[in-house]
Amino acid sequence: MKAGEVLNHDLLGMLLESNCMEIHEHGNNKSIAMTSQEVIEECNALYIAGQETTSALLVWTMILLSRYPDWQAHAREEVLHVFGNKMPDYDWLSHLKIVSTYHII
């Protein structure tokens with residue numbers, strides 16, 4: 001960042017870039033921008049919110065699968081068919097057709 005290069009490929013990069021732009025827009029007044037501690041707190045808040053959202057989604061999925069054992073069986077068969085005995089891989093998730101948003105809705 002000090003060299004003028006900011007990689008905004010992720011949330012932290014975008015936050016830091018926005019912070020730098022805010023400083024420059026106000027005549028290099030650093031009191032306007034977020035402090036390092038505020039950036040850290042913002043990142044922590046987003047991380048925790050993401051964990052809670054993921055946790056709620058997983059719990060809700062387990063509730064629905066326990067309520068509809070036929071869908072649970074179909075989903076299990078599909079996962080075993082696509083992945084076999086291998087650990088599920090993010091790149092192969094698109095091969096799952098039953099376990100998708102389209103079928104859940």
Side-chain angles (χ1 to χ4, degrees):
M1 285 187 58
K2 289 181 181 180
E5 292 182 35
V6 179
L7 298 176
N8 61 355
H9 299 289
D10 58 9
L11 184 59
L12 178 59
M14 289 187 291
L15 184 61
L16 293 174
E17 181 181 36
S18 173
N19 208 25
C20 281
M21 288 172 44
E22 190 74 21
I23 291 170
H24 292 301
E25 286 177 9
H26 290 89
N28 289 333
N29 184 357
K30 294 187 181 200
S31 65
I32 296 293
M34 295 172 70
T35 65
S36 296
Q37 185 61 36
E38 289 171 330
V39 170
I40 291 169
E41 289 171 4
E42 193 70 23
C43 290
N44 283 337
L46 291 168
Y47 176 76
I48 291 168
Q51 279 189 321
E52 289 177 8
T53 304
T54 303
S55 174
L57 173 67
L58 290 173
V59 168
W60 185 242
T61 300
M62 299 311 276
I63 290 170
L64 288 176
L65 287 174
S66 69
R67 186 158 185 205
Y68 300 100
D70 54 325
W71 277 102
Q72 184 183 72
H74 290 306
R76 182 179 292 117
E77 287 173 20
E78 181 181 44
V79 169
L80 289 173
H81 176 73
V82 171
F83 295 105
N85 290 331
K86 297 181 296 184
M87 180 69 77
D89 182 275
Y90 179 78
D91 295 329
W92 278 84
L93 288 179
S94 63
H95 290 79
L96 300 174
K97 302 302 177 206
I98 293 173
V99 183
S100 70
T101 307
Y102 174 76
H103 284 89
I104 294 172
I105 295 173

Short question: side chain of E25, backbone of E22 - any donor-acceptor pair under 3.5 Å?
-> no
What is the minimum heavy-atom distance between T53 and A49, and which atoms define it?
-> OG1-O, 2.8 Å
Enter the distance from E78:CD to H81:NE2 here, rounded to the nearest 0.5 Å.
-> 8.5 Å
Going from CD on E77 to NE2 on H74, what distance comes out if it is rounded to the nearest 0.5 angstrom?
-> 7.0 Å
Please name the pair of heavy atoms, one in E42 and one in M34, separated by the smallest distance, quoted to 0.1 Å.
-> CB-CE, 4.1 Å
Do Q51 and Y47 have side-chain N/O donor and acceptor atoms under 3.5 Å apart?
-> yes
Give a yes or no on whether L80 and L65 share a hydrophobic cluster (residues Ile, Leu, Val, Met, Phe, Trp, Tyr; joining criterion: side-chain heavy atoms under 4.5 Å apart).
-> no
Looking only at heavy atoms, the pair that brings W92 and V82 closest together is CE3-CG1, 4.2 Å
In terms of hydrophobic clustering (I, L, V, M, F, W, Y; side-chain heavy atoms under 4.5 Å; direct or indirect links), are Y90 and M87 co-clustered?
-> no
Could you tell me whether the side chain of S18 and the main chain of M14 form a donor-acceptor pair under 3.5 Å?
-> no
Hey, could you give me the OG/CD1 distance between S55 and I48, rounded to the nearest 0.5 Å?
-> 13.0 Å
Mind checking whether V59 and Y68 sit in one hydrophobic cluster, side chains of I, L, V, M, F, W, Y counted as touching below 4.5 Å?
-> yes
Spell out, yes or no, whether M21 and I23 are grouped together once hydrophobic residues are joined by side-chain heavy atoms under 4.5 Å, including indirect joins.
-> no
